[in-house]
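From a predicted model like this one, the values you see are computed outputs, not experimental measurements. Naming: A, B, ... by sequence-line order, numbering from 1 per chain.
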There are 2 protein chains.
Amino acid sequence: MRPRSAPPRRVTIVDVAQHAEVSTTAVSKVLRNAYGTSPAMRAKVRKAVAELGYRPSAAARGMRGQTYTIGVMLPDIRNPFFAEILDGVTEWLSDTEYQILLGPGCNGEAAEARVTETMIDHSMDGVILIAPVSSRSRLQHVASTVPTVVVGRHSHSTTYDSVADDDIAGAALVVDHLADLGHRRIAHIEHLETDPARIAEMPNAIRAEGYRQAMRAHGLADDIDIVSTTYTQQGGYLGAQQLLARPRRPTAIFAGADIVAMGVLEAIAQAGLTVPDDISVAGYDNTTFANFEPISLTSVDQAGREIGRSAARLLLERIAELDKPAAHIRLSPTLVTRRSTAAPPR
Amino acid sequence: MRPRSAPPRRVTIVDVAQHAEVSTTAVSKVLRNAYGTSPAMRAKVRKAVAELGYRPSAAARGMRGQTYTIGVMLPDIRNPFFAEILDGVTEWLSDTEYQILLGPGCNGEAAEARVTETMIDHSMDGVILIAPVSSRSRLQHVASTVPTVVVGRHSHSTTYDSVADDDIAGAALVVDHLADLGHRRIAHIEHLETDPARIAEMPNAIRAEGYRQAMRAHGLADDIDIVSTTYTQQGGYLGAQQLLARPRRPTAIFAGADIVAMGVLEAIAQAGLTVPDDISVAGYDNTTFANFEPISLTSVDQAGREIGRSAARLLLERIAELDKPAAHIRLSPTLVTRRSTAAPPR
DNA sequence: TTGAAAGCGCTAACAC
DNA sequence: GTGTTAGCGCTTTCAA
């Protein structure tokens, strides 16, 4: 009745070697498809591995060679857009022998440092950092320790690769769409970026800049109206409240992220207004939420899956060739128009 | 200009020992707060650790002792309820030196096996399996290898601990609420469970059973109406379509999960009906989605955070004492009534 | 209280 | 093409 009397000793490479009547080196080589193994040997080893149910210990492997494990850090597990990226990563890696482990959702530099350290401590073969907020030097440090791909920042690092969408273009898609519908007072809710070093590469800051540029291009420079909050539902709610209280209320709100748009919709409903009759709303990320029929939110599609696939591909390439020059992929977003945007009230 | 010319050698316990002028054994002991270290020695070692920025290698640790890492497996990263549980786990472990790593979202037994194996391969100190679908014997196997807590199954295992909510009571809360409002034709959408071994412990099956019991208790045995699909948005959509096509349409739908309710709402909207005027809808899990003001879905709250905290606590207790008897915690759910439920149309 | 030394499971030189 | 051997960084006996 003792549940775990004897935690049975794990099958090791030595057991496999004995069972197959070869050396441990041979087993190791076969397992890694390394050079210098005869077909006969491979067959013997594979058979023994199967019969004994052997699995290599990633911990032991990590001390000498690879662990065949990729770490993925994502800031907020609740944001469905990140799940999309993750799907792409998973899809790309599913054909390989690499495993994935995720860091727990982390907000802020301290938590990010903790997560990346943990991944390094486990000697993961590479890490994918999704929308990190850490300083550039911190990312540099991580990348100098382990092959790294950064997703969602417009980086120009020579140390790590990056994948992001063209946020300037994405913001322009929204403004163009709203302007074409006849809107002039188009407001934007941004995630405030104070650190000047980060303004150049954080997507939120670039979306705001893209909004400004597009407004100017439409001759709407005087109508530029940005509220600075955070990319959260709460941020959208508070930001929208500010905008709705304006003497000349905007006729359209471009939220920097779908999660922000959720808060915006909530504030609008609470104010007794209707979307899109009284006010149009657009988001960014094209999450499942935006696609939810009763919501039907116009949103910028970043092709998260493709971003994830690209990130995984770049990482494997870097693992294979540590010195290869850094690649920086910019994917073009598209606009998915839905019922939350329409012509402004007259 | 070479980006990663020399990946600098990691600081090891030997470096710390030399710097502090003590033995590696001493360093190891201090790091683990082990018995037999003088205050003076501790001070010296701590100082050296800080000065050198030393971090223990989890990989190396894993070969002999603990890795101070907990693995959490969750089936679907998109379901916000799981994020809630995760928050609870994170909260409880934040006071400890344990780190968390998550498995990638997995659906199906094969994927679950892969994830748990990966965690074991990395010699994690313990694993928390959230709503696993694997067979009982498979869970037993995992638990006999590594301390395990299973979340969301009504298990009676002697090998692993478990935490779940009382799904019979949760279903009753919904039926009671709807019956009190005057509903009789209350339908239920369940996630189909065919494996007889699993019916007794899977929450979806127990919710369906709770629905049946509660309906009978209200004298509504003849109105029992269950559609079997899956716990997905698509499942809810298709299930609702079936129900709406009934000759005597139900006046209320109890979806087995909020994600299912999303699909239900979509089908209802598409059918040109209104919630709650034409039909009431209730969900299960009280996700952020249910709380979203424009939706305002009545839902059963499982106290996910508390579930996570309990799971983490049980796991640490088991890690400390491997032979302790298995504990099975059942938390009582509560009902959060919102605008999606009202009296039936007359 | 402290430290020397053996090994955890694996990979990588380097023989043969 | 194959096997022997020396570690990787850490924990853990076991002596001192």
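- Identified under the salt bridge (charged side-chain N to carboxylate O under 4.0 Å, His left out) test for residues 145-154 of chain B, with sequence neighbours left out: Arg153(B)-Glu201(B).
- Between the side chains of Thr69(B) and His122(A), at least one donor N or O sits under 3.5 Å from an acceptor N or O.
- Within a heavy-atom distance below 4.0 Å of DNA chain D, the residues of residues 58-65 of chain B found are Ala60(B), Arg61(B), Met63(B), Arg64(B), Gly65(B).
- Arg32(B) comes within contact range of at least one nucleobase, with a heavy-atom separation under 4.0 Å.
- Remark on DNA chain D: of its neighbouring residues Thr37(A) and Gln66(B), the 5'-side contact belongs to Thr37(A), judged by nearest-heavy-atom nucleotide.
- For the ring pair (Phe, Tyr, Trp, His ring centres under 6.0 Å) condition, the pairs that include at least one residue of residues 60-80 of chain A, sequence neighbours left out, are Tyr68(A)-Tyr98(A).
- Residues from residues 14-24 of chain A that place a heavy atom under 4.0 Å from any atom of DNA chain D, listed by number: Val22(A), Ser23(A).
- Within a heavy-atom distance below 4.0 Å of DNA chain D, the residues of residues 40-54 of chain B found are Tyr54(B).
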Let me check something: any side-chain donor-acceptor pairs from residues 81-89 of chain A under 3.5 Å, sequence neighbours excluded? List them with distances.
from: Glu84(A); atom 1: OE1; to: Arg78(B); atom 2: NH2; distance (Å): 2.9
from: Asp87(A); atom 1: OD2; to: Arg78(B); atom 2: NH1; distance (Å): 3.1
from: Asp87(A); atom 1: OD2; to: Arg78(B); atom 2: NH2; distance (Å): 2.9

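- Proximity of a side-chain donor or acceptor of Glu112(A) to a complementary backbone N or O of Ser134(A) within less than 3.5 Å is detected.
- Checked against salt bridge (charged side-chain N to carboxylate O under 4.0 Å, His left out), Glu317(B) has the following partners two or more places apart in sequence or in another chain: Arg313(B).
- Of the charged side-chain nitrogens involved, at least one lies within less than 4.0 Å of a carboxylate oxygen, so that Glu306(A) and Arg309(A) count as a salt-bridged pair.
- Inter-axis angle, ends of the helix from dT1(C)-dA16(D) to dC16(C)-dG1(D), five pairs per end, rounded to 10 degrees: 30°.
- Contact annotation: Ser57(B) side-chain N/O to dC8(D) OP1/OP2 distance is not under 4.0 Å.
- Partner Val72(B) forms a side chain to side chain contact (heavy atoms under 4.5 Å, CB included) with one of Ile130(B), Val127(B), Thr90(B) and no other, that one being Ile130(B).
- Remark: side-chain polar atoms of Asp125(A) are paired, donor with acceptor, to backbone N or O of Thr67(A) under 3.5 angstrom.
- For residues 31-59 of chain B, no residue pair satisfies the ring pair (Phe, Tyr, Trp, His ring centres under 6.0 Å) rule, not counting sequence neighbours.
- Judged by distance alone, with hydrogens and angles left aside, the side-chain atoms of Arg318(A) form no donor-acceptor pair with the main-chain N or O of Tyr160(A) at under 3.5 Å.
- First and last contacting nucleotides of DNA chain C toward chain A (any atom under 4.0 angstrom from a heavy atom, 5' to 3' order): dG9(C) to dA13(C).
- When rounded to the nearest whole Å, the span between CG of Asp121(A) and C1' of dC10(D) equals 13 Å.
- Looking only at distances, a side-chain donor or acceptor of Arg136(B) sits under 3.5 Å from a matching main-chain atom of Ala197(B).
- Checked against side chain to side chain contact (heavy atoms under 4.5 Å, CB included), Ala200(A) has no partners two or more places apart in sequence or in another chain.
- We find that Arg138(B) and Glu109(B) are not joined by a salt bridge, their nearest charged nitrogen and carboxylate oxygen being 4.0 Å or further apart.
- Counting only distance, with no hydrogens or angles, the side chain of Thr145(B) and the backbone of His141(B) share a donor-acceptor pair below 3.5 Å.
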Polar pairs (N or O, both sides) under 3.5 Å between protein and nucleotides 13-16 of chain D?
none

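- A side chain to side chain contact (heavy atoms under 4.5 Å, CB included) with Ile319(B) holds for exactly one of Ile70(B), Leu314(B), Val146(B); it is Ile70(B).
- In this structure, Met73(A) and Val142(A) have side chains that are not in contact, with every pair of non-hydrogen atoms separated by 4.5 Å or more.
- For Thr37(B) (side chain) and Val30(B) (main-chain N/O), no donor-acceptor pair under 3.5 Å exists by modelled atom type.
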